[in-house]
Amino acid sequence: MKQSQREYKRIVVKIGSSLFCEGDFTAFNALAAEIADLDKNQGKEMVVVSSGAIALGMSMLGLKERPKEMYMLQAAAAVGQNDVIERYRGIFKSKGCHVAQILLTRDDIKRERHLNARNTINALLKHGVIPVINENDTVSTEEIKFGDNDLLSALVSRLISADLLIILSDVDGLLDKDKKTIRIVSHITPQIRELACPTDKKACVGGMITKIEAAKITMASGIPCIIANGRHTNILASVISEPEKHGTMFIPKERLSEREHWIAFGTRPKGRIIVDEGAKRALLNKKSLLSVGIVACEGNFEAGDIVALSDRQEREFARGKVRIGSKELDKVKGKRSDKEAIHCDNIVLLD
Ligand code: GLU
């Protein structure tokens with residue numbers, strides 16, 4: 001089915017910090033008004049994932065540069081988050097809508113706990129309230145962090161079985177080498193990644209690469225994702241009515257099961273296993289990973305942990321739940337043994 005023929009009722013919109021950075025809220029106000037209109041008058045169930053806490057907190061505290069210390073970032077977020085919600089409340093109220101604040105950590109949506117968050121969001125939507133979700137920055141430590149709101153928006157979309165995720169950016173989607181928008185992406189290939197992050201990986205904090213990672217999660221959840229320019233007038237209505245014409249659309253695949261999703265995206269990998277070409281081929285053919293195909297192990301992991309699986313070119317192509325911890329694997333890697341490092345049922349291929 002063409003994406004334009006689908007009905008998008010439950011829509012997650014991700015709004016980034018840039019709309020809160022410049023002291024001019026014209027674009028933000030227009031977007032918030034559009035969200036309220038879609039929710040109130042067009043029969044849509046709108047959910048917002050909004051950044052802005054740290055950006056607004058910095059300006060309220062008179063900080064010119066983004067602090068490096070975690071406690072200062074957390075303090076800025078604590079100050080700014082009120083302002084984020086106030087701004088939504090102001091606009092939504094003028095349109096007859098209510099806003100609800102939801103602050104999440106990664107722990108809140110893990111397998112054992114995710115039902116609380118899901119039920120709350122569903123209840124709010126049922127009552128016509130628009131949830132505005134952000135990471136709970138004031139308490140998020142490295143271990144329980146999402147890290148960026150692109151990832152959060154993708155995980156929220158899956159959590160509530162959204163029909164569409166719209167990630168707003170300040171460019172017209174993913175651009176090719178001639179700066180033309182790529183309209184449709186069906187697979188996240190190395191070339192697509194290269195376009196998203198043409199420079200050294202470490203230099204890309206946020207930006208297009210985290211949006212591509214987010215799209216990968218929604219695609220694997222059976223949910224289409226569109227990256228579009230939040231500064232265009234009526235961008236949401238345009239995207240919803242003609243999804244293939246605005247920004248870049250990432251076509252969904254079959255939805256992974258809960259278990260597969262948890263292995264692939266539910267938690268940060270504890271380490272990485274690099275495999276040789278033969279092992280990669282076997283894994284792509286849904287076989288288990290044997291010690292003989294392992295080239296190297298990185299990180300400290302125990303049996304039961306999730307690890308990334310990469311080829312010799314360091315391209316991650318799968319994730320898996322290991323049977324054997326890193327210490328033992330290090331001893332048997334490259335050797336023939338009947339030990340399975342990861343059973344085939346516990347391996348999920350990434351695009
Ligand atoms: N949660 C952060 C904030 O509200 C932003 C994180 C992000 O934009 O990726 O400032």
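Nothing here was measured: the structure is a model prediction, and the numbers come from that model. Order of appearance sets the numbers: ligands from 1, and atoms from 1 within every ligand.
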(request) Looking only at protein heavy atoms, identify the closest one to atom 2 (C) of ligand 1 and say how far it is in Å. (result) D137 OD2, 3.4 Å

(request) Give yes if a backbone or side-chain nitrogen or oxygen of S51 is under 3.5 Å from a nitrogen or oxygen of ligand 1, and no if not. (result) yes

(request) Would you kindly say whether S51 and N149 are connected by a side-chain donor-acceptor distance under 3.5 Å? (result) yes

(message) Within ligand 1, which atoms have a heavy atom of D148 less than 4.0 Å away?
(response) 9 (O)

(request) Using only heavy-atom distances, determine whether the side chains of N136 and T138 contain a donor-acceptor pair under 3.5 Å. (result) yes

(message) Just to check, does G52 reach to within less than 4.0 Å of ligand 1 when the distance is taken from its heavy atoms?
(response) yes

(message) Regarding atom 9 (O) of ligand 1: of the candidates L56, N134, I15, N149, which has the closest heavy atom?
(response) N149

(message) Whether the D108 and N116 side chains hold a donor-acceptor pair (N or O, under 3.5 Å, no angle test) is what I'd like checked.
(response) no

(message) How about NE2 on H232, more than 12 heavy atoms from neighbouring residues, nucleotides or ligands closer than 6.0 Å, or not?
(response) yes

(message) I need the L350 CG to I263 CD1 distance, nearest 0.5 Å.
(response) 11.0 Å

(message) Return the closest protein heavy atom for atom 10 (O) of ligand 1 as residue, atom name and distance.
(response) I54 N, 2.9 Å

